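As the structure is a prediction and not an experimental result, all values here were calculated from the model. Lettering follows sequence order; numbering is per chain, from 1.
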2 protein chains.
Amino acid sequence: MKKILVIEDEPAMRANLSDILEMENFQPLLAANGREGIAVAKQALPDLILCDVLMPELDGRSVLAALRADAATARIPFVFLTAKGEPADVRTGMNLGADDYLVKPVKVDDLLDAIAARLERAQQQAGRKVDFSSAAPLQALGLSSREAEILLWVAQGKTNFETGAILNICAGTVKKHLENIYAKLGVEGRNSASLRAIEILTSS
Amino acid sequence: MKKILVIEDEPAMRANLSDILEMENFQPLLAANGREGIAVAKQALPDLILCDVLMPELDGRSVLAALRADAATARIPFVFLTAKGEPADVRTGMNLGADDYLVKPVKVDDLLDAIAARLERAQQQAGRKVDFSSAAPLQALGLSSREAEILLWVAQGKTNFETGAILNICAGTVKKHLENIYAKLGVEGRNSASLRAIEILTSS
DNA sequence: AATACAATACGCCCTTCGGCGTATTGCCGG
DNA sequence: CCGGCAATACGCCGAAGGGCGTATTGTATT
């Protein structure tokens, strides 16, 4: 069951949202202000966060900034809630890195659709694989294009000999390049180098 | 340099956006309709897509759906552009999985801020790391708990000896377990086994 | 023209890995 | 009580990896 954190200072609004979420088979987590919200988010790692902009203690923007600063919570979809009439905060909110922005009074359908869309989008972002289709990204590590190619294959578990066969060079040359690669990456051995490569290639 | 694909049928608007992007040191890619846009997106894999909603050939919603359906383009930040006055498509667009929605006439600053925010958010989503904190997920591969522990360390580039030191067993025993692990995973060598482990540990 | 660097290749030597065999201990279920 | 299995340990041997040195070629930069 998806956990959804609601950070909202008005008790009535909070209870209302909680009810709606529960009815849709979400597990609502509640926080009455920003500081509390951050604490709950870091501890419970919800699947999505609904957060009011105007709050005592810590406003929504600060909450967003705090959560984005922590790697554990940075990827959680974050949706702002705001009362109509406030200046065009929609753009401000989105520019801070929010994922959606709902204006109160929120229609129930709009709320649920927005939640569904954001959860689905997060799902897309999640199921990621390593992309071994191009060596180019590895050059960001300071490698020459040839070195990047070699690391690309080594990271896939190829031996020096196999890599040499693929690139039409001899195994010793692959080894020589690897020496340079290890030096440039500041690592020891192909395993560590592969880990670095995979980190880069996992962005795809 | 970040590539930004502009899918927009009005030539003047397109040229205008292109100029703005170029001025900000982005590399603009241009498409005059939806079908063209999809083709360019799949071929060039831009870092972000700006797409008008109303277009001949294929409207923005169809473009978004098509790109989201393809794994190669599904994660690219997608921003809708729409002329003011059209029904509240903002919500419709966002609910389809768009990442932002700008209403024309767009202020240059709003455009650039939105682009910056979406690129940064994509960056956050990208830099995903492998979670080596628990061996439990590896048991899903059919490994015993001890084998999972061993693979956990080997996947981090530890040698048999180092792994043995960590687990207080001798290197030979680690090797023996690895033989069983390789057999169970149907792989040859620690590199391939590590790849399998990382795949599992990355989904977390 | 001189210099620098990437890419290629070869050799020596030691360490680590991987496959195979063997063996002991302890626990769980029939 | 006994068979099966996980976990532990040791040894042998060939293959692969890694450190270090050397050398040639081509291209690009000065």
Side-chain angles (χ1 to χ4, degrees), chain A residues 130 132 134-201, chain B residues 130 132 134-201:
Chain A
V130 186
F132 287 116
S134 162
L138 295 177
Q139 297 187 44
L141 292 169
L143 305 182
S144 73
S145 64
R146 198 54 160 168
E147 289 167 340
E149 275 186 294
I150 288 172
L151 180 54
L152 186 71
W153 290 108
V154 168
Q156 283 168 89
K158 303 295 180 191
T159 65
N160 293 351
F161 181 81
E162 289 171 325
T163 304
I166 292 168
L167 299 177
N168 275 312
I169 56 181
C170 75
T173 303
V174 173
K175 187 166 59 154
K176 195 61 173 174
H177 280 302
L178 279 174
E179 285 179 31
N180 300 329
I181 292 171
Y182 298 155
K184 285 185 181 178
L185 299 188
V187 300
E188 287 179 1
R190 66 214 286 119
N191 302 77
S192 311
S194 298
L195 281 178
R196 296 284 297 275
I198 287 171
E199 267 184 37
I200 301 291
L201 297 172
Chain B
V130 186
F132 288 115
S134 163
L138 296 177
Q139 297 189 42
L141 292 168
L143 304 182
S144 74
S145 65
R146 198 53 160 171
E147 289 168 342
E149 275 186 294
I150 287 172
L151 180 54
L152 187 71
W153 290 108
V154 167
Q156 286 169 85
K158 303 295 179 190
T159 66
N160 293 352
F161 179 81
E162 289 170 325
T163 304
I166 292 168
L167 300 177
N168 275 311
I169 55 179
C170 78
T173 303
V174 173
K175 188 168 56 154
K176 195 59 171 175
H177 280 302
L178 279 173
E179 285 178 32
N180 299 330
I181 292 172
Y182 299 153
K184 284 186 181 177
L185 299 187
V187 300
E188 288 178 2
R190 63 212 292 119
N191 303 79
S192 312
S194 298
L195 282 178
R196 295 285 295 277
I198 287 170
E199 265 183 39
I200 300 291
L201 297 172

Which pairs count as side chain to side chain donor-acceptor pair (under 3.5 Å) when at least one residue sits in residues 186-198 of chain B, sequence neighbours excluded?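 Side chain to side chain donor-acceptor pair (under 3.5 Å) check on residues 186-198 of chain B returns B:Asn160-B:Arg190.
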Which of the following nucleotides, [options], is nearest to the side chain of [X]?
| X | options | value |
| --- | --- | --- |
| A:Ser144 | D:dA9, D:dA7, C:dA7 | C:dA7 |
| B:Tyr182 | D:dA16, C:dA7, C:dG18 | C:dG18 |
| B:Lys176 | C:dC20, D:dC20, D:dG19 | C:dC20 |
| B:Arg190 | D:dG17, D:dA6, C:dG18 | C:dG18 |

From [atom1] of [X] over to [atom2] of [N], roughly how many Å is that when rounded to an integer?
| X | N | atom1 | atom2 | answer |
| --- | --- | --- | --- | --- |
| A:Ile181 | D:dG19 | CD1 | C1' | 15 Å |
| B:Glu147 | D:dT8 | CD | P | 10 Å |
| B:Lys158 | C:dT16 | NZ | P | 15 Å |
| B:Trp153 | C:dT16 | CH2 | P | 19 Å |
| A:Leu143 | C:dC5 | CG | P | 17 Å |
| B:Asn191 | D:dA16 | CG | P | 13 Å |
| A:Asn180 | D:dC20 | CG | P | 12 Å |
| B:Ile169 | C:dT25 | CD1 | P | 18 Å |

Between A:Gln156 (side chain only) and A:Leu152 (backbone N and O only), is there a donor and an acceptor less than 3.5 Å apart?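 Side chain of A:Gln156 to backbone of A:Leu152, a donor-acceptor pair under 3.5 Å: yes, one is there.
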A:Glu188 near the nucleic acid: base, sugar-phosphate alone, or nothing, with a heavy-atom cut-off under 4.0 Å?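 Result for A:Glu188 = nothing.
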Base, sugar-phosphate or nothing for B:Thr173? Non-hydrogen atoms, less than 4.0 Å.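 The answer is base, as B:Thr173 lies within the cut-off (heavy atoms under 4.0 Å) of a base atom.
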Specify the residue among A:Leu178 and B:Arg146 whose closest nucleotide of DNA chain D lies further upstream toward the 5′ end.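 Counting from the 5' end, the first nearest nucleotide belongs to B:Arg146.
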For B:Glu179 and A:Phe161, find the nucleotide of DNA chain D closest to each by heavy atoms; which residue's nucleotide sits nearer the 5' end?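 By nearest-heavy-atom nucleotide position, the 5'-most residue is B:Glu179.
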The test is side chain to side chain contact (heavy atoms under 4.5 Å, CB included); show your working for B:Val187 and B:Leu195 and say whether it passes. CA-CA 10 Å; B:Val187 300; B:Leu195 282 178; over 6 Å; no
Phosphate OP1/OP2 of C:dT16: any B:Asn160 side-chain N/O under 4.0 Å: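 False: B:Asn160 side-chain N/O out of range (4.0 Å or more) of C:dT16 OP1/OP2.
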It should be established whether A:His177 places a side-chain nitrogen or oxygen under 4.0 Å from OP1 or OP2 of nucleotide C:dT8.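 Yes.
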Could one point to a donor on the side chain of B:Lys175 or the base of C:dG18 with an acceptor on the other under 3.5 Å away?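 Pair found.
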Residues in salt bridge (charged side-chain N to carboxylate O under 4.0 Å, His left out) with A:Lys176, at least two apart?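 Per chain and number, A:Lys176 pairs via salt bridge (charged side-chain N to carboxylate O under 4.0 Å, His left out) with A:Glu179.
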Just wondering, are more than 12 heavy atoms of other shown residues or ligands nearer than 6.0 Å to CZ in B:Phe132?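 Enclosed.
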